[in-house]
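Data block below; observations after.
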Amino acid sequence: MSKGKVIITAALTGAVPTLSMSPYVPITPQQLADEAVRSYNAGAAVVHIHVREPETGKPPRGADRQEYLGLFSEVLTKIKNKCNLVCCVTTGGSVKMAVKDRISVVPALKPELCSFSCGSLTFRGFRRARESVKEYKYPWEKEFIEGVDEFIFENSMAMLKELSKVCAQNETKPELEIYEVGMIDNVAFLIDEGYLETPIYLQFVMGFLGGIPSTPRCLTFLYETARETFSDFVWAALGTGRRQMAMCTQALILGSNGVRVGLEDSLVLPDGSLAKSNAEQVERIVRIARELDIEPATPDEARKILELKGLDKVNW
Ligand code: KMH
Ligand code: ZN
């Protein structure tokens, strides 16, 4: 019996964690590339990439598109020069980024994989981390952290249709982020209407406030609802905060094809202490998987499982 395989993704920095929440959040292109390679060496096959303004760590608004895309090219090229990781580029961008700027990464970079959030939500994360901040390292952080209640993560059906078309045109596989159960029907609708191609790749995003709670019952509920809705799908899951490892462990037990860890979703380990790197979280889920006789997939095994176009077809 061959060992089970699981695709481990490291979500390196996201659009929410700030250096005042944790000094370990990677910010510059070099720090992001170094974190990606450390995660690869720890067992990750995929890294999920956001970029930040190198000087202050601020998530870019993307209005200066050349600068925004240039930061991605710099990070992605540094990673490609070191290893064959699959790079999943964010189309979530950052808070209040215009949809057209968020989507611009796909035609410009032609990634193998991109995030694809399947519906809108309030999206309020990192409550403990926000409350833990005693002083702001950078002036921008105060408004960013205190203004969190104004944020709505907009993913209209019009945007989902546009992003579906752009992904198909560039052979970019959408990683369909499911934050709550209704988004499963959004995916079914987009398939029925001919916008999304099958086989699909779902990621159950557990525990962001505004999305489904990170409980065992909720993860099983999403998984069972997806099984009732789709004849076939590849799937992964992630958890936020201290629940990150619990949700990934349950996903492994349910037979998921992938699990996601990383500082984008959790700055801490299960005991609440700060994770010192993305690699530390990768190492922990690799240990748990191996206890279940499951091995981390290599990047090329991940490409096969996800039916990706290949690293030679990206634009960096
Ligand atoms: N940017 C966050 C609001 C994605 O990468 O597509 C959500 C996010 C999802 O990071
Ligand atoms: Zn993201």
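Both backbone and side-chain heavy atoms feed into the values below; hydrogens, waters and symmetry mates do not. Atoms within each ligand, like the ligands themselves, are counted from 1 in listed order.
Residues Asp271 and Ser273 have side chains that bring a donor and an acceptor to within less than 3.5 angstrom of each other. Remark: the Tyr138 side chain and the Glu53 side chain contain no N/O donor-acceptor pair separated by less than 3.5 Å.
Residue Gly92 has at least one N or O atom closer than 3.5 Å to an N or O atom of ligand 1. For the pair Ser115 and ligand 1, the shortest N or O to N or O distance falls below 3.5 Å.
Residue Ala15 has at least one heavy-atom neighbour below 4.0 Å for each of these atoms of ligand 1: 1 (N). Listed by atom number, the atoms of ligand 1 under 4.0 Å from Phe153 heavy atoms are 7 (C). In the vicinity of His48, heavy-atom distances shorter than 4.0 Å reach the ligand 1 atoms 5 (O). Taking a cut-off of under 4.0 Å to the non-hydrogen atoms of Thr90, the atoms of ligand 1 that pass are 4 (C), 5 (O), 6 (O).
Distance from atom 8 (C) of ligand 1 to its nearest protein heavy atom, with residue and atom name: Glu264 OE2, 3.7 Å. Ranking protein heavy atoms by distance to atom 3 (C) of ligand 1, first place goes to Phe123 CE2, 3.7 Å.
With a 6.0 Å radius and a threshold of 12 heavy atoms from other residues, nucleotides or ligands, Glu193 has its CD atom above the threshold.
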Open item on the list: Using the rule given for side chain to side chain contact (heavy atoms under 4.5 Å, CB included), can you reason through Cys114 versus Val105, listing the C-alpha separation, both sets of side-chain angles and the distance that settles it, and then say yes or no?
Closed with: CA-CA 9 Å; Cys114 73; Val105 297; 5.7 Å; no
TODO: Show your working on side chain to side chain contact (heavy atoms under 4.5 Å, CB included) between Tyr195 and Leu163 and close with a plain yes or no.
DONE: CA-CA 9 Å; Tyr195 287 93; Leu163 184 52; over 6 Å; no
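Put simply, the side chain of Thr172 never gets that close to the backbone of Lys110: no donor and acceptor are under 3.5 Å apart.
Judged by the shortest distance from any of its heavy atoms, Tyr179 lies inside the 4.0 Å radius around the atoms of ligand 1. Ligand 1 is never approached by Glu177 to a heavy-atom distance shorter than 4.0 Å. Within the 4.0 Å heavy-atom cutoff, Gly93 counts among the residues contacting ligand 1.
Of all N, O or S atoms in Glu264, the one lying closest to the Zn ion (ligand 2) is OE2.
Side-chain atoms of Leu222 and Leu202, non-hydrogen and from C-beta on, never get closer than 4.5 Å to each other.
The only option from Lys309, Arg303, Lys173 that meets the salt bridge (charged side-chain N to carboxylate O under 4.0 Å, His left out) definition with Glu112 turns out to be Arg303.
Rounded to the nearest 10 degrees, the angle NE2 (His48) to the Zn ion (ligand 2) to NE2 (His50) equals 100°.
Ring geometry for Phe204 against Trp235 counts as tilted: the plane angle lies between 30° and 60°, on a 0 to 90° scale.
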